[in-house]
Novice: 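Right, I'll just put the structure down here and ask away after.
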Amino acid sequence: MASVSRQLASRDAEGDVRLPADEAIAADARALSEQLKAMRERLFPPTSQKSLRSFTSGEAAKLIGVSDGYLRQLSLAGDGPQPSIGVAGRRFYSLADINALRRYLADQAIAKGNAAKARTYLPWRNAARGEHVQVISVTNFKGGSGKTTSSVHLAQYLALTGHRVLAVDLDPQASLSALFGYQPELDLDGNDTIYGAIRYDGSARPLKELIRKTYVDGLDLVPGNLELQEFEHSTPQALSQRHSGKDAGPLFFARISAALQSVADDYDVVVLDCPPQLGYLTLSALCASTSVVVTVHPQMLDVASMNQFLFMTSDLLNVVREAGGQLNFDFLRYLVTRFEPNDGPQAQIVGFMRSLFGERVLTASMLKSTAISDAGLTKQTLYEVGRENFTRATYDRAMESLHAVNSEIERLIHTAWGR
C-alpha cells in the first residue's frame with residue numbers, strides 16, 4: 001500500500017509529474033476564474049454589469065394588462081411615466097417605467113373607488129388582509145433537475161408581473177448568483193451570503209445589509225458562495241453545545257425563517273434556490289417555507305432518486321416538527337423539467353406521476369429548449385434575451401412553456417392569499 005504521505009499529482013502530456021493535486025486544482029480554479037471574469041467584461045461592457053433589455057409598447061401593455069392603444073393615449077397625453085422613443089417613433093419602456101405605470105394606474109383605480117381593479121395593475125400583497133409573504137423553496141437533491149433554471153425564471157417572472165421579489169441563493173455553487181451577474185469568488189467577501197445572517201458565533205449581520213439590488217426592477221438578491229457550506233459544519237457543533245447546556249440561540253431550522261421575517265414587509269414573494277443535497281440549509285429553508293416546488297426530470301433514475309429524497313425529507317422533517325418546527329405549506333407541487341413531449345418514455349413517466357400525485361404535479365411542464373440553453377451560454381435567462389436572437393418558433397415555444405409554469409405558480413400564490 002502506498003505511503004499516506006504520497007501525494008496525487010497532475011501530469012503534463014508527456015506524463016511528467018508537475019504539481020501536487022491540490023495545487024493543480026487550485027491553479028485550474030484560478031485560470032477558470034480569470035477567464036470567467038474576462039468573459040463577463042466582454043459580454044457586459046463597460047461596467048461588467050448586466051442590464052435588462054427595454055420592452056416594446058406592445059410587450060409593456062401585455063405585462064401591465066392593458067391595450068397598446070391605451071398606453072399610446074397615456075403617452076400622447078403626457079400621463080404617467082413616459083417611454084423612450086426609438087427609430088421610427090417606436091416607444092420603449094424599461095421595467096422601472098412599467099412598474100411606475102402600474103403604480104400610476106393603481107392610484108387612478110383607487111381614486112375611483114375600484115380597489116379590485118388596482119390589484120390587477122399592482123398585485124402587491126396586502127398584509128392588513130392577512131396576505132402573508134410567500135416563501136417558496138425550489139428543491140431536489142439530484143443535480144441536473146433544472147432547479148436553478150426554474151428558480152431564476154420564476155423570480156424574474158414574478159418581478160415582471162409586478163410583484164416585489166427576493167431571490168436567495170442557498171447553493172454553495174452559486175449558480176443562481178452567476179445568472180444574476182455575480183462571480184462569487186471576486187464579487188463577494190466574507191459574511192455576504194445569508195450565512196452571514198444565520199451564523200452561530202455572534203457575528204451575524206442583519207439580512208437587510210446582505211440584500212443586493214439587481215438589474216431587474218423589483219427583484220433583489222441575497223447571493224451565495226462557498227461560505228454557505230460553513231452552516232453544514234457549524235450546525236453540528238451548535239447542536240452539541242446545546243446538548244451540553246450552552247445557549248446557541250435559535251435551533252438551525254428556525255434561523256432562515258427568523259432572518260426572512262426581518263425583511264418580510266418589503267416583499268411579496270421570496271424564492272429560495274436550495275442546494276442539491278438534504279442538509280441543514282435545505283431543512284432550514286423548508287422550515288422557513290410557506291410553499292415548496294420540487295423539480296424532477298422525467299427519467300426513471302431521477303424519479304427513483306426523488307423517491308429517496310421524499311422518504312428522507314419526511315423522516316427529517318418529522319424530527320424537526322417534534323423539536324418544535326412549524327411545517328405548514330400552502331402548496332407542495334412537483335414541476336416536470338427538461339421535458340421532451342415527443343419522447344415516449346418521458347411521456348409515460350409524466351403520466352405515471354400525474355396518476356400517482358394528481359394535482360400536486362403542476363399542469364404545465366418546463367420544456368427542454370435550446371433557447372434556454374443558448375441564453376445560459378451568456379449567463380442570461382430567456383426573459384432577458386429578445387426574440388430576435390432566436391428562431392421565432394423555438395423562442396415562442398420556450399416562452400409559452402415558461403409562462404404556463406410560472407403563471408400557474410402565480411395563481412397558487414394568489415389563491416393562498418385568498419384572491
Side-chain angles (χ1 to χ4, degrees), residues 22 25-26 29 135 137-141 143 147-148 151 166-178 182-212 221-264 270-289 292 309 312-327:
D22 58 333
I25 292 170
V135 181
S137 280
V138 183
T139 185
N140 198 328
F141 74 176
K147 181 177 55 60
T148 297
S151 297
L166 175 65
V168 182
D169 194 346
L170 293 175
D171 189 347
Q173 296 177 77
S175 298
L176 183 74
S177 303
Y182 287 94
Q183 193 168 335
E185 74 277 9
L186 298 178
D187 300 329
L188 276 67
D189 297 320
N191 267 15
D192 277 348
T193 72
I194 198 171
Y195 177 65
I198 62 175
R199 58 189 305 148
Y200 298 94
D201 60 8
S203 62
R205 299 171 61 188
L207 182 59
K208 202 173 190 71
E209 294 181 3
L210 306 174
I211 294 172
R212 303 186 180 207
L221 173 71
V222 179
N225 69 4
L226 287 173
E227 78 171 6
L228 288 165
Q229 195 63 30
E230 290 298 317
F231 191 68
E232 306 296 336
H233 301 150
S234 58
T235 296
Q237 298 173 3
L239 291 173
S240 176
Q241 290 177 354
R242 182 176 293 276
H243 288 315
S244 64
K246 296 180 181 178
D247 182 16
L251 282 164
F252 74 90
F253 56 76
R255 289 185 170 261
I256 289 180
S257 178
L260 293 178
Q261 282 302 313
S262 69
V263 298
V270 178
V271 177
L272 305 177
D273 184 29
C274 298
Q277 64 186 53
L278 196 54
Y280 293 113
L281 266 176
T282 300
L283 285 173
S284 188
L286 291 173
C287 290
S289 298
V292 176
F309 169 76
M312 291 171 62
T313 302
S314 174
D315 290 343
L316 291 170
L317 289 181
N318 181 58
V319 174
V320 167
R321 182 166 54 81
E322 291 179 351
Q326 298 296 315
L327 300 169

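Just so it is clear, the values below take in all heavy atoms, side chains as well, and ignore hydrogens, waters and symmetry mates. For this chain, numbers begin at 1 and follow the sequence in order. Keep in mind that what you see is a predicted model, and the values were worked out from it rather than measured.
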Novice: Which value, rounded to the nearest 0.5 Å, describes the distance between Leu166 atom CG and Ile211 atom CD1?
Specialist: 5.0 Å
Novice: Quick one, Tyr195 with Asn225, criterion side-chain contact (heavy atoms from CB on, under 4.5 Å). Give me CA distance, side-chain angles, the key distance, then yes/no.
Specialist: CA-CA 10 Å; Tyr195 177 65; Asn225 69 4; over 6 Å; no
Novice: Mind checking side-chain contact (heavy atoms from CB on, under 4.5 Å) for Ala204 and listing every partner two or more places apart, or none if nothing turns up?
Specialist: Arg199
Novice: In the structure I gave you, are the side-chain heavy atoms of Ile256 and Cys287 within less than 4.5 Å of one another anywhere?
Specialist: no
Novice: Minimum heavy-atom separation for Leu251 and Leu239, please, with both atom names.
Specialist: CD2-CD2, 3.9 Å
Novice: Where is the tightest heavy-atom contact between Ile194 and Val222, given as atom of each residue plus distance?
Specialist: N-CG1, 3.6 Å
Novice: Quick one: pull up CG in Leu210 and CG in Asp192 and give me the separation to the nearest 0.5 Å.
Specialist: 7.0 Å
Novice: Are any side-chain N or O atoms of Ser137 and backbone N or O atoms of Leu272, one a donor and one an acceptor, separated by less than 3.5 Å?
Specialist: no
Novice: When you compare the side chain of Ile198 with that of Leu281, does any pair of heavy atoms fall below 4.5 Å?
Specialist: yes
Novice: Rounded at 0.5 Å granularity, tell me how far CG in Leu283 sits from OG1 in Thr313.
Specialist: 7.5 Å
Novice: Can you name the nearest heavy-atom pair linking Gly224 to Leu188, along with the distance?
Specialist: O-CD2, 3.7 Å
Novice: What's the spacing between Leu317 CG and Met312 CE if we round to 0.5 Å?
Specialist: 11.0 Å
Novice: How about Arg255 and Phe231: do any of their side-chain heavy atoms sit closer than 4.5 Å?
Specialist: yes
Novice: For the residue pair Asp169 and Ser175, what are the closest heavy atoms and their distance?
Specialist: OD2-N, 3.9 Å
Novice: If you look at every heavy atom in Arg205 and Gly190, which pair is closest and at what distance?
Specialist: NH1-O, 4.4 Å
Novice: With side chains defined as the heavy atoms from C-beta onward, is the minimum distance between Val271 and Leu176 less than 4.5 Å?
Specialist: no
Novice: Check whether any side-chain heavy atom of Asp171 lies under 4.5 Å from a side-chain heavy atom of Leu228, and answer yes or no.
Specialist: no
Novice: Considering all heavy atoms of both residues, which atom of Ser203 and which atom of Asn191 are nearest to each other, and what is their separation?
Specialist: O-ND2, 3.4 Å
Novice: Could you walk me through whether Thr148 and Asp273 pass side chain to side chain donor-acceptor pair (under 3.5 Å), step by step?
Specialist: CA-CA 6 Å; Thr148 297; Asp273 184 29; 2.9 Å; yes
Novice: Please name all residues satisfying side-chain contact (heavy atoms from CB on, under 4.5 Å) with Gln237, sequence neighbours left out, ordered by chain then number.
Specialist: none
Novice: Please identify each residue that fulfils ring pair (Phe, Tyr, Trp, His ring centres under 6.0 Å) with Phe253, with sequence neighbours left out.
Specialist: none
Novice: If you draw a 6.0 Å radius around CD in Glu232, do more than 12 non-hydrogen atoms from other residues or ligands fall strictly inside?
Specialist: yes
Novice: Just say parallel, tilted or perpendicular for the rings of Phe252 and Tyr280, cut-offs at 30° and 60°.
Specialist: perpendicular
Novice: Mark yes or no for whether Lys147, through its side chain, and Cys274, through its backbone, hold a donor-acceptor pair below 3.5 Å.
Specialist: yes
